[in-house]
Each structure stands twice: as C-alpha cells, then as structure tokens.
Amino acid sequence: MANYQEQSIKIYNSLTGQKETFKPLNEGHVGMYVCGPTVYSNVHLGNVRTFMSFDVVFRYLKHLGFKVRYVRNITDAGHLENDADEGEDRIAKKARLESIEPMEVVQRYTVDFHNILNSFNFLPPSIEPTATGHIIEQIEIIKAIIDNGYAYEVNGSVYFDVHKFNEDKAYGVLSKRKLEDLIHNTRQLDGQSDKKNPQDFALWKRAEPQHIMRWPSPWSDGFPGWHLECTAMSTKYLGEKFDIHGGGMDLKFPHHECEIAQAEACNGHDPVNYWMHANMLIMNGKKMAKSTGNFILPNEIFSGDNPHISKAYNPSVARFFMLQAHYRSILDFTDAGLQASEKGFYRLMEAVNSLKDLKAGSSSTLNINEWRQKCYDAMNDDFNTPILIAQLFEGVKLVNQIKDGTASLTSNDLKVLENTLHIFCFDILGLTNAASAEGSGDKLSEAVNLLIELRQEARMNKDFGLSDKIRDRLAEAGIQLQDGKDGTVFTTN
RNA sequence: GGCGUCUUGGCCGAGUGGCUAGGCAGAGGUCUGCAAAACCUUUUACAGCGGUUCGAAUCCGCUAGACGCCUCCA
C-alpha cells in the first residue's frame, strides 16, 4: 500500500509564494487548522468550496497514512461589522432582526452548516471548537501580548499595537504588504476611535450596555476581537507551531496577517509552516452577492429552485464540478458547467460500477502501476484534483476498452484498477455513487420492467408502432429507456 | 488610488521552455428495426505588442481586460 513514505507532496505555500515539499513537524502526524464559518446566516457556496478543498486535503493526507488532526472552528461570538470601532455584531444584529436569542441564531445556522456539508459528503473535522467556548484562552493570550508590550488598553478595550510590532518583527509578510503603504492607504474613518493608529486591531472590546453577548475580563465586560479566536484555538489544539493553516483567499488580509502577528507577539515565533489559500467562487462571471441577486444557496442546487440553474443537481455532481477546478483558481459557477460535469460524473460512475463485471485476461495491455502512480502524482502536486480527474478518465477509457475487448488486464492488474478507482473517487475526492442508488424491487421498477418486457415482445413481433409508443410515452413521463447489449434499462430524471 | 492574482480551442478547465491534459459540445464510426443511450476515433488554443532564447503558450517588459483584497465577507 502507498503511504506517506512513498509519496512526496508539494504544497503551494502562500507565505513564500512557492511550491514546497511538505514535511510535517512530527513525522507521521499533521496538524491542520482551517478558519470556519461565522454562523449568522446560511453557509455561503463559496465557503463550501473552500472547505471542500480542505476536505480533500484532509482525506488525502489520511489516505497516505498520516495521523491528521484537523481543526475547523465555528465562529459563534460577536464580531463587529467592521474593524473601525463601529458597526454591529453580526450575530446580535440577526438576533435582533428575528427577535431571537443570539445563541438561537448560532444554533440554527450551525445545524444548517452541518446539514449542507453532510449533503456534500464532507468528513467531519477532528475538532470543531467554538469561539465562545474559548473565551478564557483568548483572555490569556491577550494578557501575554500585553505583557510582551504589543498591546495596550483604552477604556476597557485592548488593541494590538501594529506599529510597535512592526518595529521588532515584520507585519504583512503573508499578504506582502508594507506598513507604510497601509498607513497611506487607510481610509480616514469618521467615528471616534480609541486606537492609537488605524492599523491597530481589537483584541478585546468593551461591550455597550445593550450588547447581549458579553463575558467578564480583566479590562471590561466585553467580547474578544475578531482575529483572536483562531489564534487561541489553533494554539490550544495544535500547539504554538503547526503544519498547515488554510482558509479562503479573502482571509489572507487582514485576518491571517493578524493571526501571525498575534501568535508572534504571544509566543515569539510564527505559528504556521504552510499557509494554504483557496480561491474564490464566482457565478456567471461575477462575484456572488445577495444584494445583486447573483446568488445561490447550496440547498437550491439540490432542489433546482433558483433562477440561475435549469434543473436540480445531485450534491456529488456539484462536488465533482468544483473539484474539476484547482483550488487555487477562481471557479465560475454556471449552469452549463454543471451540466457538462454532470455528464462526465455519471460516465465516471458508470465505469466504476461496471468494474465488477470485467473479465481478466492473460496479459495486460497497459502498465497499470504507472497509471496508478500518475493519480498519486496529481494529488502530490499541490492537490491537483483536475489532473487527478483527467487520470481517472483514462481509467474509464481503459474499463470501456476492456469491455469492448480491445484492451485487457491480468487478474492482479484488474484488482489494482478497481482498487485505485475506488480509492480516488470515493476516499479521496469524496464522491458518492449516485448512479448505483437506483434500487430494484420498488414498485416503479416493477412497473417499468413489465413495460420493458412488453416492448421487447412487441419488437420481437416487429410491432414497432407499439414498441415505440411504449418508449415515447414513458419518455413523456420522464422515464428514459436505454437499449444495451444486455437488455434494456431505464433512468428517471 | 495602493497591493495581489489571472487572461488557454465553441464552453468549462489543467499544465509545461522543445514531447496528447481532461470533461462537455461538434464531426466520423460501432451497435440498433429506428431513435436515444453507450462505446471508439477525431478537428480548432494559449489576450495584444515587444524582448531573452537554437526554440516560448510556458521567462521578462509594456498595453488592454477580468477578478480579488485594501472595508463584514470564504
């Protein structure tokens, strides 16, 4: 069996801008942290794409035999709508609008989040910690940062001193920004601020009297700043230094930059070896935004109930569609793209389902182990799922050629083919075999199979008027008959 | 305005300094009573202009355009 000692993975590290050979801190173990959602509304499809990318990373690392601790947080604490000391806590705002408790908002959308991810066949992370469950840890980090001289308190709030930090270390290494540029380009905001400088960010905010989500601290009754939870939880569960930190491209600045600063200010060194950023999902060439109507909820893909798509799509089809693009590329979500993927997906599944019927030959016309390694090579090269899928279609071609008798594999090689297709389709890409779900024995199948029999009899009698009538009327009812070598099967839409 | 990413054939979408990505669509074929499906084969490419090089779609520069971040956002 393949394992991490046989395969060498290269990861594109956002910190260095290069692909680097992946070497975990502790051999055989991987610590991975991915910034999770803020649960104040239905999970964004782009968010799903990001998590899907890391779901595949998680699956692949596990497949290689690494012991992976995958931490993905749930942000359920109040974050302000912006970083300028003003705006409303998004969860509190939603709670006010719907006249429910903030924690009801959190609960509702956490459940929604999990439901959607389950539909897409995500593996649950090893730990899914919540921000509100780690207030104490966050306060401890603030204390340490203050002690180290990189934070200051004003009116019960605590701010990170970016300028001071930049004197000793480098702020902006991840997003390749210079503090001077930031200073020149920071918009002058009107609201009066307690910050020394606009680039500073909150570690702790004093709560206004009407603010419901609040916790006691040495500085005030308040709530933690919006970058701190990730530092607290990643440190707690993965240590001061861990292997992989992931998230959406848009979190690079300021969120991840602030995480690096916080961790360095607290622990004296940078926290992460490999930073990975998943690119954006757009729809019909434009940014997805509720305000412009260029928007779709994950659920609406499954139901087809959205003006931007022509029909409902199986979650595995949507998953397959997303994985046909590399995680570092912008992906355009379109109905035409989904339809193309749908056909390809079912062709792939068809081939996988027919594996069990293949007959072994006395020799092999293809070096199966070479092909198998190409699948690994694709994943080893910065988790290149599109290349992997291209290789899987080479496998499809081979399956069909064996069926046609134009290629053959020995019994052992056939097992390698079957095993490899199963591993990469299901274990690593996380697809589910929707095609094999059609059960026999239910009432619809019984009825349609009877009609297929009758049609077959009509054809034998050359009564094509009747046989075509059966076929056409069934088609009108949404049931397609497909004549094959081994008889007729049907599909429904 | 600043910073960054990107621009591939009808569509989607990989990739590399010289050697077929792949999917969908199109074309041809096999199969079939016919059709569909399925399978096999297959055409069209690297935004524009310069430069480096024996050779560039791949490296560099400029131009145009797109997208993202800079402000909650994945």
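Here is how names work: the chains are called A, B, and so on, in the same order as the sequence lines, proteins then strands, and each is numbered from 1. Here the structure is a predicted model, which is why all the values come from computation and not from measurement.
For the segment residues 113-126 of chain A, no residue has any heavy atom less than 4.0 angstrom from an atom of RNA chain B.
To the nearest whole angstrom, the two P atoms, one in B:C3 and one in B:C54, are 35 Å apart. As rounded to the nearest Å, B:A45 and B:C19 have P atoms that lie 14 Å from one another. Spacing between B:C59 and B:G1 at atom C1', rounded to whole Å, works out to 30 Å. For the P atoms, the distance from B:U5 to B:C73 is 22 Å, rounded to whole Å. For the P atoms, the distance linking B:U8 with B:G15 amounts to 14 Å, nearest Å.
Residues meeting the ring pair (Phe, Tyr, Trp, His ring centres under 6.0 Å) test with A:F160, sequence neighbours left out: A:F165, A:F201. Listed by chain and residue number, A:Q324 satisfy the side chain to side chain donor-acceptor pair (under 3.5 Å) test with A:S341 (two or more places apart in sequence, or in another chain). Under the side chain to side chain donor-acceptor pair (under 3.5 Å) criterion, A:S53 pairs with no residue, sequence neighbours left out. Listed by chain and residue number, A:Y70 satisfy the ring pair (Phe, Tyr, Trp, His ring centres under 6.0 Å) test with A:F58 (two or more places apart in sequence, or in another chain). Applying the side chain to side chain donor-acceptor pair (under 3.5 Å) test to A:D112 and every residue at least two apart in sequence or in another chain returns nothing. Every residue was checked against the ring pair (Phe, Tyr, Trp, His ring centres under 6.0 Å) condition with A:Y109, not counting sequence neighbours, and none meets it. Shown here are the side chain to side chain donor-acceptor pair (under 3.5 Å) partners of A:K469, two or more places apart in sequence or in another chain: there are none.
Nearest-nucleotide positions on RNA chain B for A:M280 and A:S175 put A:S175 closer to the 5' end. Along RNA chain B, the nucleotide closest to A:I282 and the one closest to A:N279 are compared, and the more 5′ of them pairs with A:I282.
Here A:K403 does not reach the OP1 or OP2 of B:C40: none of its side-chain N or O atoms lies under 4.0 Å away. Look at A:K287 and you won't find any side-chain N or O under 4.0 angstrom from OP1 or OP2 of B:A74. Listed pair A:Q401 / B:U41 meets the phosphate criterion, a side-chain N or O lying under 4.0 Å from OP1 or OP2.
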Take nucleotides 8-22 of chain B nucleotide by nucleotide from the 5' end and write B, S or -, depending on whether a protein heavy atom sits under 4.0 Å from the base, only from the sugar-phosphate, or from neither.
-> -----SSS-----BS
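A salt bridge does not link A:K374 to A:D377: none of the charged nitrogens lies less than 4.0 Å from a carboxylate oxygen. Checked for salt-bridge contact, A:D270 and A:K169 miss the test: no charged N lies under 4.0 Å from a carboxylate O.
Side-chain atoms of A:D483 and base atoms of B:G33 include no donor and acceptor less than 3.5 Å apart.
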Pairing string, 5' to 3', for RNA chain B - Watson-Crick or wobble contacts under 3.5 Å, brackets [ ] where pairs cross, | to another strand | (((((((..(((.....[...))).(((((.......)))))....(((((..]....))))))))))))....
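If you measure from atom CE of A:M460 to atom P of B:U32, you get 14 Å, rounded to the nearest angstrom. With rounding to whole Å, A:K469 atom NZ is found 18 Å from B:A35 atom C1'. If you measure from atom NZ of A:K252 to atom P of B:A74, you get 18 Å, rounded to the nearest angstrom. Separating the CG atom of A:L174 from the C1' atom of B:C69 is a distance of 12 Å, rounded to the nearest angstrom. Taking atom CD on A:Q199 and atom C1' on B:C3, their separation rounds to 15 Å, with Å as the unit. A:F345 has its CZ atom 16 Å from the P atom of B:G23, to the nearest Å.
Donor-acceptor pairing under 3.5 Å is lacking for the side chains of A:Q373 and A:N369.
Applying the salt bridge (Lys or Arg N to Asp or Glu O under 4.0 Å) test to pairs two or more places apart or on separate chains, those with a residue in residues 311-324 of chain A are A:D55-A:R319, A:K311-A:E342.
Looking at the side chain of A:Q482, the nearest of the listed nucleotides B:C69, B:A37, B:A74 is B:A37. The side chain of A:L251 lies closest to B:A74 when the candidates are B:G33, B:C73, B:A74.
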For a quick test of your reading: what N or O donor-acceptor pairs under 3.5 Å do the side chains of residues 393-400 of chain A make, sequence neighbours left out?
from: A:N400; atom 1: ND2; to: A:V396; atom 2: O; distance (Å): 3.3

